[in-house]
Amino acid sequence: MRKIIVLTIWLFFFVNSTIAAVELDIQPVPDAAPIIHPPESEPRSINWNENLDIYVQMGKSDIPVHEGIRRCILADDGTVVYYLDGYNQKGIEPSTVGICEMGTPGKLIAIGVFTGEASDYVGHYAHNIDTDTYSLITAREDSNTLSLQDNIFTPGDEFEICTGIFNGDDGQVMVEIPAFYYKYQYWGGWHSYSVSYDQLPGYNLHPAFHKNGVDVKARYIGAYEGVLYDVSEGKYVNGLYLPSKAPHRMSFDGTAEAITSDDLTHPFTNLEAGVDIIVISGTHHNDLTCGVVSVTDATITVDCDLQDEPHALCTIQTQRDWKHDILGSVAGKAPITNGTRAQFRTIAANRGDGWRQMDFDLMSAVQLLYLIEYGSFNSQLKIGAGLTDWGSSWEDWNNYNPIEKTGLSNVTKGATESVSNGDGVKGSFMSYRWVENFYGHLLKWVDGVNFYNRTPYVCNDDTIFFDDYRGCYYDSLGVTLPNNHGWQRILEQTGRGFLPASTGAKPHTHTTDYYWPGDDWTTMVMGGSAAYSNMAGAFYLDISLPSNYSHRCITGRLCY
């Protein structure tokens with residue numbers, strides 16, 4: 001009873017702003033902070049008591065910061081080509097419409113309708129108006145036929161060709177996060193987080209928007225997990241890495257020029273004939289680089305002269321060049337994996353000045369906006385599990401390679417959604433404010449942060465991102481994270497990010513996400529993967545991995 005009385009009295013004073021909270025670790029306001037929005041918005045706050053594990057939300061239910069988040073196509077020079085309204089360019093409705101005349105799987109057939117150039121269709125989405133389903137157009141075969149990624153049409157279905165281009169031809173599919181101001185306070189077990197478009201008293205520009213030493217009016221985060229652009233081939237390709245050290249073998253047929261998995265059920269599902277090139281190593285007779293001619297779930301035929309070799313323990317991966325290839329954010333491809341954080345850093349920077357993989361400050365900004373909007377750390381409860389619901393099926397499916405191609409979230413009617421179909425069933429994803437699989441599916445590298453014996457050092461200048469470094473370019477956050485893994489219980493009293501001060505909670509209490517510590521120099525991955533179940537979420541944190549680590553279930557996310 002005494003605790004309830006004390007809490008009630010505290011809340012009364014807190015709401016009426018009569019208690020002075022102690023501000024901690026707030027970054028200084030830059031001299032030339034950008035003019036972001038007319039001074040008319042009211043701040044939104046979330047207050048969380050880490051001891052009682054209760055939340056109090058304050059301010060307006062809708063604020064312009066969240067309303068200003070939107071998908072767009074971003075050119076390599078960092079300019080917005082156009083904003084997206086669902087599958088269409090904002091303000092440009094479909095002009096190509098018709099009736100499907102034949103029910104050929106994976107095709108849209110309408111005689112004499114598709115007379116334009118291939119670029120008028122490829123990378124767009126075809127919309128089946130009758131069933132309200134969509135599929136990415138992958139090729140224009142002739143004036144009568146378009147090839148689709150999915151089988152969505154039957155004869156008589158009405159269709160339209162959407163005007164947005166999602167395959168990278170117009171630019172990268174990104175999510176624009178408008179710059180905002182924030183305030184962090186801590187008092188008596190309460191963490192208080194507030195955001196505003198305006199620089200109100202006590203508010204500072206969020207560090208995500210002081211990029212490379214300059215204040216910016218927006219940041220851009222990839223709408224999808226990272227996809228590889230193969231410079232030598234001039235095309236976006238699919239990610240695949242099947243390692244020789246796993247107990248899964250391949251059989252080579254020199255007559256059929258085919259490679260078949262002995263036991264994996266879907267290792268080649270995401271490959272595309274005429275698009276992907278595979279590199280084979282570790283065999284006795286078939287160490288080759290081959291183009292893919294045809295694909296089934298467990299067998300591919302290639303354009304190489306294979307020799308018979310049953311049950312070979314080998315490595316098969318799609319071609320990648322970590323020095324020259326480019327990271328992308330486009331729909332319809334399996335994300336690239338099995339690179340170190342530094343390798344992902346390189347291919348992200350290869351897109352041009354200002355491009356990088358996801359950094360600590362931008363990740364923290366998205367986490368903060370989620371927390372302010374939903375009023376709970378439990379993202380799996382508030383949004384949904386997404387693709388965290390696979391377990392033992394994943395290894396037998398494709399040995400922990402990407403399960404889905406990018407773009408599943410394009411079907412959402414709103415900015416935030418989750419589909420969880422269960423272990424071994426395709427089609428699961430989550431999206432927060434248009435950011436697909438912010439958590440789940442694959443772990444994501446986080447740059448601009450290094451840990452030394454669990455002490456974080458942070459930087460928001462991609463020209464000086466380094467591994468295993470804590471020198472003058474990196475800011476120490478002045479905290480040391482716990483050495484015990486587990487569900488995070490309380491947080492460090494810092495306004496720059498969400499970092500655990502202790503573990504020992506449960507999957508449904510406190511921050512509700514898991515934490516893995518490390519020793520010596522380590523990096524950071526976030527979000528959890530398809531097999532992490534209730535350990536995954538928007539605040540999942542792993543700082544145990546050294547800088548030379550790579551794995552087929554870790555990818556990057558392109559940012560600007």
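We count residues from 1, following the sequence as given. These numbers come from the heavy atoms of this one structure, side chains and all, not from hydrogens, waters or symmetry mates. Quantities reported herein were computed from a predicted structural model and do not represent experimental measurements.
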Within 6.0 Å of NZ in K426, more than 12 heavy atoms from elsewhere
yes
So, do F180 and Y197 have ring centers that fall under 6.0 Å from each other?
no
Is R140 salt-bridged to E117, cutoff N-O under 4.0 Å?
no
Hey, does E404 have a side-chain heavy atom less than 4.5 Å from the side chain of H441?
yes
Within a radius of less than 6.0 Å around CG of D353, do more than 12 heavy atoms belonging to other residues, nucleotides or ligands occur?
no
Is there a side-chain contact between Y241 and N401 (heavy atoms, below 4.5 Å)?
yes
To the closest 0.5 Å, what do you measure between CD1 (I383) and OH (Y374)?
5.0 Å
Any Lys/Arg nitrogen of E373 or K382 sitting under 4.0 Å from an Asp/Glu carboxylate oxygen of the other?
no
Examine Y540 together with Y439 and report whether their ring centres are nearer than 6.0 Å.
no
Distance, nearest 0.5 Å, that separates CD1 of I109 from CD1 of I99
14.5 Å
Going by side chain to side chain contact (heavy atoms under 4.5 Å, CB included), N144 matches just one of T115, V113, I111, L108. Which one?
I111
Please check this pair: side chain of R70 against backbone of V175, looking for a donor-acceptor N/O pair closer than 3.5 Å.
no
Any salt bridge linking R219 with D359? Criterion: basic side-chain nitrogen under 4.0 Å from a carboxylate oxygen.
yes
Hey, could you give me the SG/CD distance between C162 and E93, rounded to the nearest 0.5 Å?
9.0 Å
Report the distance from atom CD of Q367 to atom OG of S379, rounding to the nearest 0.5 Å.
9.5 Å
Between the side chains of D325 and R320, is the shortest nitrogen-to-carboxylate-oxygen separation below 4.0 Å, so that they form an ion pair?
no
To the nearest 0.5 Å, how far apart are CZ in F252 and CG in L306?
7.0 Å
Any donor-acceptor pair under 3.5 Å linking the side chain of W394 with the backbone of N399?
no
Taken to the nearest 0.5 Å, the spacing of D276 CG from Y236 OH works out to 14.5 Å
Please report the C-alpha distance between R345 and D447 in whole Å, then the side-chain angles of each, then the deciding distance to 0.1 Å, and finally whether the salt bridge (Lys or Arg N to Asp or Glu O under 4.0 Å) criterion is met.
CA-CA 8 Å; R345 180 185 304 139; D447 220 333; 2.8 Å; yes
Test applied, side chain to side chain donor-acceptor pair (under 3.5 Å); reference residue, H248; option that passes from N398, D262, D263, D396:
D263
Tell me whether K211 forms a cation-pi arrangement with Y560, defined as NZ or CZ under 6.0 Å from the six-membered ring centre and within 45 degrees of its axis.
yes
Could you check whether F438 and Y370 have their ring centres less than 6.0 Å apart?
no
Note: E225-R557 ion pair, threshold 4.0 Å (strictly below):
no
Quick one: does T315's side chain get under 4.5 Å of I280's, heavy atoms only?
no
